[in-house]
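Below, chain A is the first sequence line, B the second, and so on; all start at residue 1. The shown structure was predicted, so the numbers you read here are calculated from the model rather than taken from an experiment.
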Protein chains: 2
Amino acid sequence: MVEVSMTPKPGSAPGAALHAMARSPDNTLTRGQGVALWRQIASAIERDIGASAPGRGADPGTRLPTEAALAGRFGVNRHTVRRALEELEARGLIRVEQGRGSFVAEDVLDYPLGPRTRFSETIRRQNREPAGRMLRIAEMAAEAAVAKALGLRRGRGVVMAERLGLANGRPVVIGTHYFPSHRFPAMAALLAEDPSITAALARCGVPDYRRQVTRITSRMPTPEEAVLLQQSRARPVLVTEAINADPAGTPIELSIARYAAARMQLVVES
Amino acid sequence: MVEVSMTPKPGSAPGAALHAMARSPDNTLTRGQGVALWRQIASAIERDIGASAPGRGADPGTRLPTEAALAGRFGVNRHTVRRALEELEARGLIRVEQGRGSFVAEDVLDYPLGPRTRFSETIRRQNREPAGRMLRIAEMAAEAAVAKALGLRRGRGVVMAERLGLANGRPVVIGTHYFPSHRFPAMAALLAEDPSITAALARCGVPDYRRQVTRITSRMPTPEEAVLLQQSRARPVLVTEAINADPAGTPIELSIARYAAARMQLVVES
DNA sequence: ACAAATTTGTTCGTATGTATG
DNA sequence: ACATACATACGAACAAATTTG
């Protein structure tokens with residue numbers, strides 16, 4: 001078996017690849033036997049990253065050796081390696097980035113934008129382990145935009161909670177949530193105990209709520225967001241702004257979520 | 001009235017601002033009368049960019065003078081100008097980019113993702129004039145991803161049409177559409193005449209169709225996309241992948257659209 | 001702000017083997 | 001046998017993007 005010797009990539013940090021010392025090329029390739037070299041190379045790399053069921057195999061984001069290194073190891077021209085990588089990229093197994101390298105493709109999770117989508121359920125349904133880490137909780141006066149979304153007068157108190165959502169330990173979303181203080185005076189304390197929004201709302205007498213309208217945009221992450229999401233500052237975040245309402249239709253929450261676009265895609269069923 | 005003397009910004013080109021010659025500061029500001037200088041400055045700039053009804057006022061994307069120039073003109077410190085700009089940015093009137101300057105905010109159009117959303121109708125409903133420019137039409141063998149989406153065997157023929165969508169003459173979206181050739185043999189010819197997809201489908205015996213599922217992601221634009229959308233390569237595009245089906249539920253079109261995230265936001269009503 | 005190093009992307013040119021007519 | 005087309009493979013040089021110092 002051909003060892004591709006990949007190094008895990010923490011976040012987007014480059015992390016120097018462990019280049020094996022220059023040595024005689026692998027002779028696992030058969031030349032002139034009817035199977036193109038690039039096909040054999042593609043198969044060898046595919047075996048090494050072990051792409052099969054989602055969540056199995058090499059860690060997504062792991063960096064492959066450089067094209068030059070692979071060419072040396074297999075004893076072929078860089079073009080031949082590139083042809084193999086091209087194939088793997090077309091099949092969605094890897095992602096190639098100019099100036100950075102090639103990486104094992106992230107397995108992209110779907111986030112359905114239905115009226116009753118809940119983060120934890122969604123992640124679990126895709127066989128990942130959901131987790132949440134509360135970043136900060138504060139009580140503050142509502143800015144104009146927040147007040148308008150929640151139907152409050154500007155300056156009324158709101159509870160703001162910022163939470164990092166993870167799937168299998170990998171950060172996928174930062175959510176900022178605003179609740180009207182006058183209706184949920186205990187919200188800050190509840191969320192400090194248990195980061196689950198659904199649970200906190202239930203304990204405040206709102207066992208059910210609906211997502212009313214969601215606005216979707218995209219922008220570059222702030223430095224802080226890039227760190228929290230463990231992603232490159234050169235890749236965008238998907239931003240959703242949603243209003244959740246109780247069964248009576250009264251807005252109870254404004255949530256602004258920023259998704260790592262490489263790890264999460266939004267899905268709308270019509 | 002304070003003249004802010006802005007220069008239009010073609011696309012994302014930096015475009016040096018027309019700096020007015022240093023001269024005595026405006027004396028339109030009243031000091032020590034209970035209204036903070038930055039508020040007066042913010043109001044003055046707001047008047048000049050004429051933010052009111054959407055689509056009115058200064059051209060979106062127009063560049064404001066540099067902070068230093070504004071400070072000189074108003075006879076205040078740069079910090080004071082920054083406080084004013086901060087306020088305007090928070091209110092969505094301008095956009096400040098580190099190292100580039102400040103710009104009149106684009107008026108963001110909403111694109112509702114309903115089952116029957118049509119581009120032209122959507123744009124018209126927001127009081128803009130829709131237009132479309134066909135970029136290219138080709139017939140080709142379906143790649144794996146396209147074939148799968150349309151429920152075809154790989155390699156079957158598909159008609160591919162790429163179209164630029166504009167609102168008030170400003171590009172907002174690039175759409176790539178795939179149709180199965182065997183069902184719509186005349187599609188290429190029809191679209192060459194009239195770029196309207198809805199019209200072409202109607203003439204092929206499909207007067208109605210529904211968007212089934214939409215997947216939403218985000219990424220950086222290719223150089224070509226940045227040129228077509230007249231946006232900076234440093235700003236992301238929103239990408240939607242949607243499957244449209246006839247009333248019987250048979251997939252008839254795969255469409256991949258890339259929106260200029262600064263000019264268009266997607267809206268989902270639940 | 002700038003320069004250097006690293007890495008992928010593109011475009012030349014050349015050569016070989018295989019299938020086709 | 002010959003010409004042609006096509007995919008494969010190698011080599012060199014340069015362009016473009018990213019990261020690092």
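Here the side chain of B/Gln40 pairs no donor or acceptor atom with the backbone of B/Ala44 at under 3.5 angstrom. Between the side chain of A/Ser43 and the backbone N or O of A/Arg39 there is at least one donor-acceptor pair closer than 3.5 Å. A donor-acceptor distance shorter than 3.5 angstrom exists from the side chain of A/Ser218 to the backbone of A/Val237, with no hydrogens or angles considered.
When the nucleotides C/dT8, D/dT18, D/dA9 are ranked by their closest atom to the side chain of A/Arg100, D/dT18 comes out on top.
For D/dC10, the OP1/OP2 oxygens have a side-chain nitrogen or oxygen of A/Arg31 closer than 4.0 Å. Dashed line: the shortest gap from a side-chain N or O of A/Thr66 to OP1 or OP2 of C/dT6 is not under 4.0 Å. Proximity of A/Arg82 to the phosphate of C/dG9: a side-chain N or O atom is located under 4.0 Å from OP1 or OP2. For D/dA9, the OP1/OP2 oxygens have no side-chain nitrogen or oxygen of A/Asn77 closer than 4.0 Å. For D/dC10, the OP1/OP2 oxygens have no side-chain nitrogen or oxygen of A/Arg78 closer than 4.0 Å.
We find that CE of A/Met220 is positioned 13 Å from C1' of D/dT18, with the value rounded to whole Å. For the pair A/Glu67 CD and D/dG11 P, the interatomic distance rounds to 16 Å; values are reported in whole Å. The CG-C1' distance, from A/Leu85 to C/dT7, rounds to 12 Å in whole Å. Following rounding to the nearest Å, A/Arg235 (CZ) and D/dA17 (C1') show an atom-to-atom distance of 13 Å. Computed from coordinates, the A/Arg39 CZ to D/dA7 C1' distance equals 10 Å when rounded to whole Å. Nucleotide D/dT20 holds its P atom 14 Å from the CZ atom of A/Arg233, rounded to whole Å. In this structure, the CD atom of A/Gln40 is 12 Å from the P atom of D/dT8, given to the nearest Å. Going from atom CD1 of A/Ile94 over to atom C1' of C/dT8 covers 12 Å, rounded to whole Å.
Nearest-nucleotide positions on DNA chain D for A/Glu97 and A/Ala36 put A/Ala36 closer to the 5' end.
Remark: B/Arg82 engages B/Glu67 in a salt bridge, criterion side-chain N to carboxylate O under 4.0 Å.
Note: B/Phe179 and B/Phe184 have perpendicular aromatic rings, judged against thresholds of 30 and 60 degrees for the angle between ring planes.
A donor-acceptor contact under 3.5 Å is not formed by the side chain of A/His79 with the base of C/dT10.
In a base pair of the Watson-Crick type (N1 to N3 plus N6-O4 or O6-N4) or a G-U wobble (N1-O2 and O6-N3), with each distance short of 3.5 Å, D/dA17 is matched with C/dT6. Pair assignment for D/dA1 gives none, since no Watson-Crick or G-U wobble pairing has each distance under 3.5 Å.
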